[in-house]
Amino acid sequence: MDDTAKDIGARAQAARENCPFLTAKQAAFHLGLAYSTLKRLRQTGTGPKCRLHGRTWRYHIDDIEAWSAARARGGDHG
């Protein structure tokens, strides 16, 4: 496991221990996406699972990781 993967894993673990729910802006940052891209993915139903808490959309860290892992590709698809 390289240092980047360890850092991502450490940040995800810290999020789970403190509060597993991220705001849309936090989730977008975690995924390396623009907020507007994550919003569009939510509106089209193609993004990670999310929940409406009051007036704020929240993303559970496990749902974000599962959504990201489901899009993993092998080989040189760069």
Side-chain angles (χ1 to χ4, degrees):
M1 183 180 297
D2 63 357
D3 290 341
T4 303
K6 288 179 185 175
D7 184 48
I8 291 170
R11 286 189 292 140
Q13 184 61 35
R16 283 185 198 93
E17 291 171 358
N18 295 320
C19 178
F21 291 99
L22 304 177
T23 65
K25 287 184 180 180
Q26 291 169 328
F29 179 81
H30 182 76
L31 290 166
L33 299 173
Y35 169 76
S36 58
T37 300
L38 184 61
K39 181 178 178 180
R40 182 175 36 81
L41 291 170
R42 182 180 70 237
Q43 291 171 338
T44 60
T46 58
K49 290 181 185 178
C50 57
R51 300 158 174 88
L52 190 59
H53 292 196
R55 296 186 304 179
T56 306
W57 287 101
R58 299 285 179 162
Y59 294 81
H60 195 281
I61 192 75
D62 292 336
D63 293 335
I64 293 169
E65 294 295 325
W67 179 82
S68 179
R71 274 135 193 85
R73 299 283 190 261
D76 294 327
H77 293 277

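In this chain, residues are counted from 1 in sequence order.
- Considering only heavy atoms from C-beta on, Tyr59 comes within 4.5 Å of Arg42 through its side chain.
- With sequence neighbours left out, Lys49 forms a side-chain contact (heavy atoms from CB on, under 4.5 Å) with Asp63.
- For the atom pair CZ (Phe21) and CG (Asp62), the distance works out to 9.5 Å, reported to the nearest 0.5 Å.
- Using a 4.5 Å heavy-atom cutoff, the side chains of Leu31 and Thr37 are not in contact.
- Within 6.0 Å of CZ on Arg55 lie no more than 12 heavy atoms contributed by other residues, nucleotides or ligands.
- Arg58 CZ to Leu22 CG: the interatomic distance, rounded to the nearest 0.5 Å, is 8.5 Å.
- Side chains of Cys19 and Ile61 form no contact here, defined as non-hydrogen atoms less than 4.5 Å apart.
- Shown here are the side-chain contact (heavy atoms from CB on, under 4.5 Å) partners of Ser36, two or more places apart in sequence or in another chain: Ala34.
- Side-chain N/O atoms of His60 and Glu65 include no donor and acceptor closer than 3.5 Å.
- Judged by distance alone, the side chain of Ser68 and the main-chain N or O of Ile64 form no donor-acceptor pair under 3.5 Å.
- A donor-acceptor pair under 3.5 Å links the side-chain atoms of Trp67 to the main chain of Thr46, judged by distance alone.
- The side-chain hydrogen bond (donor to acceptor under 3.5 Å, both in side chains) contacts involving residues 20-29 comprise Thr23-Gln26, where partners must be two or more places apart or lie in separate chains.
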